[in-house]
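Note sheet for the following structure.
Since the model is a prediction, treat every value here as computed from it, not as a measurement.
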Amino acid sequence: MSLAPIVTRFAPSPTGFLHIGGARTALFNWLYARGHGGKMLLRIEDTDRERSTDDAVAAIIDGLKWLGLDWDGGVVSQYERADRHREVVDTLLAEGKAYRCYASPQELAEMREKARAEGRPPRYDGRWRDRDPSEAPEGVRPAIRLKTPVDGETVVEDHVQGRVVWQNKDLDDLILLRSDGNPTYMLAVVVDDHDMGVTHIVRGDDHLTNAARQTHIYQAMGWPVPEMAHIPLIHGPDGAKLSKRHGALGVEAYRAMGYLPQAMRNYLVRLGWSHGDDEMMSMEQMLDWFDLDAIGKSAARFDFAKLENLNGLYMRQTPDDELYSVFLANLAYLPGGREFEARLDDIRSRRLAQAMPGLKERAKNLVDLLESAQFLVEDRPLQMQEKALKILDDSARQTLAEVAGVLTDTPDWDAASLEASVKGFAEATERKLGSIAQPLRAALTGRATSPGIFDVLAVLGREESLARIEDQAS
RNA sequence: GCCCCCUUCGUCUAGUGGUCUAGGACGCCGCCCUCUCACGGCGGAAACAGGGGUUCGAGUCCCCUAGGGGGCGCCA
């Protein structure tokens, strides 16, 4: 490890929301920096004014916060640094390392078209590279291109990809400044990373080719090239690039699906990186264990089933009172959560808190939890779900009438006492417990599944329970 | 088309030349537990893409093929 403090950055473009690939990139940057006593910076790559929106910036920040990731310093706007970018271009121009290109967009399009037709790579042919400025056409504002080396090769020693080599003849003269005077991304990243003191660039491997081109800019400026780590992309379940259809959702979508940030983090960190056979790990362990060199080189598919399982593990591991608070705090983001919240009064809140142990055992996410807690906040008479209705045939309703008496006579209304008397009743009448429990469950919850029935009775309390049973008994 | 990258169970992965008759996790199947659904416990099926080398020995190193991915913008 080097002695210089590590500085990483997360540099999303605000054209959409923070999606899952970006979230993982942010996490990796954060873990690497913070795990090594360094800093992670946040920079918004908003040089494309057409596509950048404030909403997207806000969504990215919300997403990071939800994931529990923070950054050092303020949020840097790349666009606001445009003057500095232009300054660098002036230097390059003055040193003859860049030049003005007057080729029109149409001209460039034709060039590409022709190259493709002839089976050549579609690249800029350098037609203005060595032309005399006096040949410049009237009234055309030029773009500024970098004079990249024509011979030799460019090497990137990548922490993930290893040594990657390009022939310089395959790389053309990239644009630094658009004809409208605005810097391109390619220029801006290099200048910003340099100025911000970034020591390690960790980003998706869709930037791998860019790394070579950016190296040319670093070299032209005589700046040291930062360490790089190009991490493999995340694919959808079908192995294809993540699309809106399957997983390229914003992190806020995962929040709405009821996933916990710590589960999300844990799932994400294991996508493309591992520490032996360790599956579940705390933030401290991640910080302690995470390292660039242990990142795999191949793309990983996003697997909801595993996320779901992991989330369930985290839910069950969360203390009841804490999960209760988390659940309430997230209600606004869950489908139907507001309605649920509106139905919560003091009594029902208490019941919810009391039911938490039984509820969380059965929920893999907060949406499940909401669904299974529904019976706690519903008004009498309960709306019966179809499966519950099926349980409540004539004999079941008859049973309910009988068991109501047994429950009424139970002196202490707690799970253990209730279980004792119902089991006693079952034995005395030679019934299976299930033939009593299921009708009770249907009457008490309106559904065919629920936490243990004696817990349900206890949570609901004597009055409410007996009333619900009475509603369904014949 | 050109350039670059990748390839161990269905999925995420362990594995850095011999201890691999390839390990773990999710999912799947079966059994147990059981008032439902879950949880949990136990067990099972399941992979080194193919072909050549190198080596006493290859999942591990090299080459080729196939397949997959990324890039080739006055987008980022």
Side-chain angles (χ1 to χ4, degrees), chain A residues 11-15 45-48 50-52 78 101 103-105 108-109 112 115-124 141-145 156 158 160-162 164-167 170-172 174-180 182 184-186 188-189 204-212 230 232-233 235 237 239-241 267 270-280 296-310 312 316 358 360-364 368 372 387 391 419 422-423 426 432-442 445 447-454:
Chain A
S13 56
T15 52
E45 313 253 317
D46 51 0
T47 49
D48 184 350
E50 302 279 307
R51 293 202 245 173
S52 301
Q78 186 155 71
C101 170
S104 68
L108 261 17
R112 275 190 291 270
R116 221 176 271 271
E118 293 172 8
R120 288 182 293 111
R123 283 194 287 269
Y124 174 67
R141 299 192 59 189
I144 312 296
R145 286 183 188 265
V156 169
D158 194 273
V160 174
Q161 307 292 339
V164 185
V165 182
W166 289 266
Q167 297 307 311
D170 295 328
L171 271 10
D172 62 3
L174 64 274
I175 291 181
L176 299 170
L177 221 53
R178 301 179 172 100
S179 50
D180 65 2
N182 281 317
T184 58
Y185 158 81
M186 211 61 81
V189 216
D205 72 8
D206 49 338
H207 284 284
L208 190 56
T209 310
N210 292 338
H230 287 90
L233 267 19
H235 287 170
K241 192 180 178 179
Y267 178 72
R270 284 284 292 102
L271 228 45
W273 174 81
S274 62
H275 182 265
D277 284 337
D278 294 307
E279 294 287 347
M280 259 181 124
K297 298 172 96 171
S298 55
R301 299 189 190 197
F302 193 88
D303 182 16
F304 268 102
K306 188 146 184 174
L307 205 212
E308 187 86 350
N309 171 272
L310 200 52
R316 269 170 265 133
K360 78 174 182 185
E361 204 68 36
R362 295 164 173 75
K364 302 232 167 160
D368 287 352
S372 59
K387 283 180 182 171
I391 292 168
E419 178 166 2
V422 171
K423 280 191 171 164
K432 287 192 144 187
L433 187 53
S435 70
I436 302 168
Q438 278 305 81
L440 271 178
R441 189 175 333 269
T445 70
R447 17 211 103 201
T449 65
S450 82
I453 200 61
F454 303 110

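What separates CZ of R112(A) from P of rG71(B) is a distance of 16 Å, to the nearest Å. I175(A) has its CD1 atom 4 Å from the C1' atom of rC74(B), to the nearest Å. Atom CZ in F304(A) sits roughly 14 Å away from atom C1' in rC26(B) (whole-Å rounding).
Across all strands shown, rA66(B) is found opposite rU7(B) as a Watson-Crick or G-U wobble partner, with both distances under 3.5 Å. The base-pairing partner of rC20(B), taking Watson-Crick or G-U wobble contacts with both distances under 3.5 Å, does not exist among the strands shown. For rC31(B), the paired nucleotide is rG41(B), the pair qualifying as Watson-Crick or G-U wobble because both relevant distances are below 3.5 Å. When both pairing distances are held under 3.5 Å, rA58(B) makes no Watson-Crick or G-U pair with any nucleotide shown.
Going from the C1' atom of rG18(B) to that of rU55(B) covers 12 Å, rounded to whole Å. For the C1' atoms, the distance from rG53(B) to rU13(B) is 29 Å, rounded to whole Å. Remark: the separation of the P atoms in rC3(B) and rU65(B) is 12 Å, to the nearest Å. rC6(B) and rC42(B) have their C1' atoms separated by 38 Å, with the value rounded to a whole Å. Distance noted for atom C1' between rU8(B) and rU34(B): 39 Å (whole Å). As rounded to the nearest Å, rG44(B) and rG24(B) have P atoms that lie 10 Å from one another. Rounded to whole Å, the separation between the C1' atoms of rC12(B) and rU7(B) comes to 15 Å. rC20(B) and rU60(B) are spaced 11 Å apart, taking the C1' atom of each and rounding to whole Å.
At a cut-off of 3.5 angstrom, counting only N and O atoms as typed in the model, there is a donor on one side and an acceptor on the other between the side-chain of N210(A) and the base of rA76(B).
Contacts of F454(A) classified as ring pair (Phe, Tyr, Trp, His ring centres under 6.0 Å), with partners at least two apart in sequence or in another chain: none. Scored by the salt bridge (charged side-chain N to carboxylate O under 4.0 Å, His left out) test, D158(A) finds no partners at all (sequence neighbours excluded). In this view, K387(A) satisfies the salt bridge (charged side-chain N to carboxylate O under 4.0 Å, His left out) rule with no residue, not counting sequence neighbours. Contacts of D206(A) classified as salt bridge (charged side-chain N to carboxylate O under 4.0 Å, His left out), with partners at least two apart in sequence or in another chain: none.
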Footprint string (nucleotides 2-13 of chain B, 5' to 3'): B base within contact, S backbone only, - free, heavy atoms under 4.0 Å | SSSSSS---SBS
Indicate for each nucleotide in nucleotides 32-39 of chain B, in 5' to 3' sequence, whether protein heavy atoms under 4.0 Å reach the base (B), only the sugar-phosphate (S), or nothing (-).
-> ---BBBBS
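With respect to the salt-bridge test (charged N to carboxylate O, under 4.0 angstrom), the residues R123(A) and D170(A) qualify.
Residue L233(A) is in sugar-phosphate contact alone, with no base atom involved, counting any heavy-atom pair closer than 4.0 Å across all strands shown. Within the 4.0 angstrom heavy-atom criterion, only backbone atoms of the sugar-phosphate kind lie near T47(A); the bases stay farther away. Residue-level contact check: M186(A) touches the bases, meaning some heavy atom is under 4.0 Å from a base atom. At a threshold of 4.0 angstrom between heavy atoms, the contacts of A103(A) include nucleobase atoms, whether or not backbone atoms are also involved.
With rounding to the nearest 0.5 angstrom, the CG atom of L233(A) is 9.0 Å from the NE2 atom of H207(A).
Residue side chain H207(A) meets the stacking definition with respect to rA76(B): its ring centre sits within less than 5.5 angstrom of the base's six-membered ring centre, and the planes differ by less than 30 degrees.
Residues I175(A) and Y124(A) form no side-chain contact, since every pair of their non-hydrogen atoms from C-beta on lies 4.5 Å or further apart.
Side-chain rings of Y267(A) and F304(A) stay apart, their centers remaining 6.0 Å or farther from each other.
A donor-acceptor pair is defined here as one N or O able to donate and one able to accept, closer than 3.5 Å; such a pair exists between the side chain of R441(A) and the backbone of P451(A). The backbone N or O of D368(A) lies less than 3.5 Å from no partner atom in the side chain of R362(A), so there is not a single donor-acceptor pair. The main-chain N or O of K364(A) is never found under 3.5 Å from a side-chain atom of E308(A) such that the two would form a donor-acceptor pair.
The glycosidic torsion of rC62(B) lies more than 90° away from 0, which places this base in the anti conformation.
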